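All chains are named by letter (A, B, ...) in the order of the sequence lines, taking the proteins before the strands, and each is independently numbered beginning at 1. This one's a predicted model, so the numbers in the text were calculated from it and none came from an experiment.
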Protein chains: 2
Amino acid sequence: MSDMRDRILARACDLYLEEGLQGFSMRKLARSVGVTAPALYRHYENKERVLVAVVGEAYKLFGQFLYRSLAGHTPLERLHLAATNYLEFALGHPRQYEMLYVSPAALGLDRLPQEVEEHACATGQFWHDRGRECMDAGLLREGSPEEVSMTMWAHAHGLLFLYLRGLLEMDEAGFRRMFEASSIRLFEGLAAPRLFKELAERGEALASAG
Amino acid sequence: MSDMRDRILARACDLYLEEGLQGFSMRKLARSVGVTAPALYRHYENKERVLVAVVGEAYKLFGQFLYRSLAGHTPLERLHLAATNYLEFALGHPRQYEMLYVSPAALGLDRLPQEVEEHACATGQFWHDRGRECMDAGLLREGSPEEVSMTMWAHAHGLLFLYLRGLLEMDEAGFRRMFEASSIRLFEGLAAPRLFKELAERGEALASAG
DNA sequence: GTCTATAATCCGATAGAC
DNA sequence: GTCTATCGGATTATAGAC
């Protein structure tokens with residue numbers, strides 16, 4: 001059976017969802033599949049390869065959420081959908097979301113394999129495209145689309161990270177409201193006119209004040 | 001010797017810096033201190049308590065960076081210094097920075113101990129204070145100081161997280177420039193006037209578009 | 001391809017002598 | 001307060017029979 005590989009992968013994803021990275025072991029996986037541990041090594045070289053495959057599945061699901069945004073009819077709608085779907089994925093599948101950003105060391109690797117890096121790169125490219133087409137349409141200030149999309153990406157991930165770590169004292173409904181309000185702030189700007197006036201008077205640039 | 005506890009803690013910090021969380025063990029720590037493993041248990045109840053103490057040291061160092069910002073003479077200057085010192089701490093001490101945001105599960109705990117939660121809470125309060133005094137001075141738009149400081153915190157942490165994970169293809173100098181530019185974008189706002197015009201025409205709110 | 005059996009390590013933590 | 005010795009467990013991975 002060649003689909004034994006798929007069965008193992010499916011059980012590996014479930015095991016990761018139940019136990020997290022800490023509680024994931026080849027013995028537990030084998031028990032869950034219904035075989036003994038050595039049998040797994042016929043299908044996957046080692047534990048790290050299994051975990052990398054689990055990361056791949058997380059990216060596959062993430063991609064389904066993200067590319068659904070392309071159904072929007074205008075650049076602004078597509079950007080809005082991308083942000084909404086990003087939020088929905090992270091809140092609906094927090095363990096998979098965590099897996100997107102797992103450190104190589106946590107997987108027992110020095111560097112992430114090319115397969116995963118390409119997934120991550122494609123995600124960055126997706127955000128870049130959303131930023132660029134909005135900028136081309138005159139909806140965003142002129143500037144570097146790459147950098148603007150980084151700002152949006154960092155803002156969204158930063159909020160989600162802090163919330164999922166339990167560092168923000170609010171429930172999910174409260175977080176959703178705050179996420180939306182914070183996104184509006186990002187687009188409107190935090191500063192009051194007086195801030196720029198004060199800076200101009202001091203003749204200094206607003207340096208790294210985030 | 002009561003300072004044996006301190007010696008162990010100092011070596012534990014070094015061991016964590018060298019090996020990370022994955023490679024940290026009581027046996028290695030004992031070897032590093034120059035005693036046998038059981039001796040450690042006279043000074044620390046178990047491995048988790050040692051790691052919690054290491055997190056505490058990271059917060060202590062972080063606090064030194066952050067509270068240095070209070071030397072600024074105006075609210076804006078203190079906010080600016082806080083952001084700069086936050087960046088300097090994260091780039092100068094990436095492993096300790098990572099430790100500030102370590103998940104309880106990675107430490108083998110269900111929840112972080114009160115000691116660490118208080119540290120994290122104090123950090124949130126610090127950012128809140130910086131936001132509030134700038135808002136009181138009319139430098140930031142009216143709103144909730146707590147939420148505005150969350151936006152700034154999330155933006156800064158999001159950028160640093162992506163950079164430290166190696167997901168942004170740039171060197172440290174490039175990142176510093178981007179961090180500053182992104183912070184300015186955050187204060188000025190991403191949107192061009194046309195975006196608000198388009199939204200008003202559609203009669204819909206700009207929802208969660210970050 | 002799966003099994004049993006096992007190698008070879010590592011781990012956290014404890015008992016009890018000194 | 002530190003030691004030796006050890007418990008009891010985990011892990012990845014392999015050898016060889018079937």
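One interatomic measurement links the two molecules: CG of B:Leu40 to P of D:dT4, which rounds to 13 Å at whole-angstrom precision. We find that CD of B:Glu19 is positioned 13 Å from C1' of C:dC10, with the value rounded to whole Å. The distance between atom CG of B:Leu21 and atom C1' of C:dG12, rounded to the nearest whole Å, is 15 Å. Rounded to an integer number of Å, the gap from NE2 of A:His43 to C1' of C:dT2 is 8 Å.
A salt bridge is defined here as a Lys NZ or Arg NE, NH1 or NH2 lying under 4.0 Å from an Asp or Glu carboxylate O, and B:Arg177 with B:Glu172 fails to meet this definition.
Under the rule for a side chain to side chain donor-acceptor pair (under 3.5 Å), A:Thr36 has no partner lying at least two apart in sequence or in another chain.
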Identify each donor-acceptor pair in which a side-chain atom of residues 24-31 of chain A lies under 3.5 Å from a protein atom, sequence neighbours left out, and give them as a table.
{"residue": "A:Ser25", "atom": "OG", "partner": "A:Lys28", "partner atom": "N", "Å": "3.2"}
{"residue": "A:Lys28", "atom": "NZ", "partner": "A:Glu19", "partner atom": "OE1", "Å": "3.1"}
{"residue": "A:Lys28", "atom": "NZ", "partner": "A:Gly23", "partner atom": "O", "Å": "3.0"}

Query raised in the report: Can you give one letter per nucleotide of nucleotides 8-15 of chain D, 5' to 3': B if a protein heavy atom sits under 4.0 Å from the base, S if only from the sugar-phosphate, - if neither?
Result: ---BBBB-

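Although no hydrogens or angles enter the test, the distance criterion places no donor-acceptor pair under 3.5 Å between the side chain of A:Arg78 and the main chain of A:Ala71.
Side-chain contact between B:Glu98 and B:Leu164: absent, with no pair of heavy atoms (C-beta onward) separated by less than 4.5 Å. Between B:Leu162 and B:Arg165 there is no side-chain heavy-atom pair separated by less than 4.5 Å.
Phosphate contact (OP1/OP2 of C:dT2, side-chain N/O of A:Thr36, threshold under 4.0 Å): absent.
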